[in-house]
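Below is one structure, written out as structure tokens; comments come after it.
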Protein chains: 2
Amino acid sequence: MGRITRKESHAQTRERLVETAHRLFLRDGYNATSLDKVAAEAGFSKGAVYSNFATKHELGLAVLDVLHLERAMSLASAVVGAETAEDRIDAFEKWADENIGDVGWTALEVEFATSNRHVAGINQALAGRRRELTAAIADLIEQQAADLDLTLPLPADDAAVQLLALGIGLGVQRAFDPELPVTSLVDLLRSFLERAQPTTRSD
Amino acid sequence: MGRITRKESHAQTRERLVETAHRLFLRDGYNATSLDKVAAEAGFSKGAVYSNFATKHELGLAVLDVLHLERAMSLASAVVGAETAEDRIDAFEKWADENIGDVGWTALEVEFATSNRHVAGINQALAGRRRELTAAIADLIEQQAADLDLTLPLPADDAAVQLLALGIGLGVQRAFDPELPVTSLVDLLRSFLERAQPTTRSD
DNA sequence: GTCTATAAATCGATAGAC
DNA sequence: GTCTATCGATTTATAGAC
């Protein structure tokens, strides 16, 4: 029972490969990182990679899932603990300043998406992840609006699309021009709040 | 005098190579298109390519310049001829609907930028083009605002950054999920107008 | 200035040993 | 399940003929 089964060992190798690919893809890019480098850096050989992933694209998608989870957790933890709307915006500004462009995950996601946009099957996988991400952001927005008793000037879904697209656009441009500030992301959020109406509640 | 000089012939082949690369890059992507294909499709051999461009990146940058020029001209021609603010927004909506994502030049630009974000020298070239593009959009915004006697709720530079980043973000996502609408681009523009103040002029 | 031929290197993926 | 060895295909870039 206490011993490490074959399945557990397999899962450990897989996790370690994903971690290494995650680091190398962020550092050097997806196209510039070969599976040989990933395997060697993780302490395995290329055969171990193909034992866990059918193609390089599969490994790439697994890394994207990790990135999405990281983002969702860091954003959620950044917003909690703030009371007023201004405090939440400040928290969001701090998160955006530390996360958009600097780390480079936006560039990685976009490099993967655009480089493989004509590869069969990849489109659907990316489209599904995009919708999940947009829905999660919309949920967060609705939750925040309800918490602050505010009625937003536009549907939460539309607000989520705008915020995500603006974040992607900024992250992409900051990947090669870090001087571009991320303040416009906060400006957009603030414009939502300025045009929001207070909600009258029955309780 | 009337004959074709060597310099003119050289310029012709260069132009033809850029045109072909422009088409193939848009169709198949930058990384997936080899210089061999470009040369063959243009009716030349690979030697002609390297006689006109030192590296593949140089050809890529030349194509980006064509894309930028196309965008600027099509957007400018779409906005002229409209009188009221609403007409201009309608014209912009029509332009955005036809240009963002469908053609795929956003995906191409972003693929090139992210794939070569760690290549020495490319960053500066891309950063320069980004600033030129942002400045051109800001000029267009200022011109439109002055024409309509409006004072925008934010500096034209900031508005340009927001519009460009939102357009990039939408174009990237539409490259693999065409169901995503581009209406948020018009929504953002409309929100600028709604918060704009009429300008009192002295003449 | 363009073409042909080839160099030189890399990478994704596979086959068989262990 | 992982490793070693290798295939096969492709690529950028170069060298020399014309």
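Note that the structure is predicted; figures quoted are calculated from it, not measured. Lettering follows sequence order; numbering is per chain, from 1.
The phosphate of D:dT2 (OP1 or OP2) has a side-chain N or O of A:Thr13 nearer than 4.0 angstrom.
Listed candidates were C:dT4, C:dT2, C:dC11. Nearest to the side chain of B:Ser51 is C:dT2.
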What N/O pairs connect the protein and nucleotides 12-16 of chain C at under 3.5 Å? Give each pair on its own line.
| residue | atom | partner | partner atom | Å |
| --- | --- | --- | --- | --- |
| C:dG12 | OP1 | A:Lys56 | NZ | 2.8 |
| C:dG12 | OP2 | A:Leu35 | N | 3.1 |
| C:dG12 | N7 | A:Lys46 | NZ | 3.2 |
| C:dA13 | OP2 | A:Tyr50 | OH | 2.8 |
| C:dA13 | OP2 | A:Lys56 | N | 3.3 |
| C:dA13 | O5' | A:Tyr50 | OH | 3.4 |
| C:dA13 | N6 | A:Lys46 | NZ | 2.4 |

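Scanning for ring-ring contact (aromatic ring centres under 6.0 Å, His included) contacts around B:Tyr30 gives B:Phe25, B:Phe112, with sequence neighbours left out.
B:His68 and B:Glu132 share no side-chain donor-acceptor pair at under 3.5 Å. Side-chain atoms of B:Arg195 and B:Ser191 form a donor-acceptor pair, as typed in the model, at a separation below 3.5 Å.
Among residues at least two apart or in separate chains, side chain to side chain donor-acceptor pair (under 3.5 Å) pairs with a member in residues 151-165 of chain B are B:Thr151-B:Thr199.
Rounded to whole Å, atom P of C:dG1 lies 6 Å from atom NE2 of B:His10. Following rounding to the nearest Å, A:Arg16 (CZ) and D:dG1 (P) show an atom-to-atom distance of 18 Å. In this entry the distance linking CG of B:Asn116 with P of D:dT12 reads 12 Å, nearest Å.
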*Test side chain to side chain donor-acceptor pair (under 3.5 Å) on B:Asp28 and A:His118 and set out the steps.*
CA-CA 7 Å; B:Asp28 303 329; A:His118 289 145; 5.1 Å; no

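Taking both residues in full, the closest heavy atoms of A:Val172 and A:Thr106 are given as N-CG2, 3.9 Å, listed atom of the first, atom of the second, then distance.
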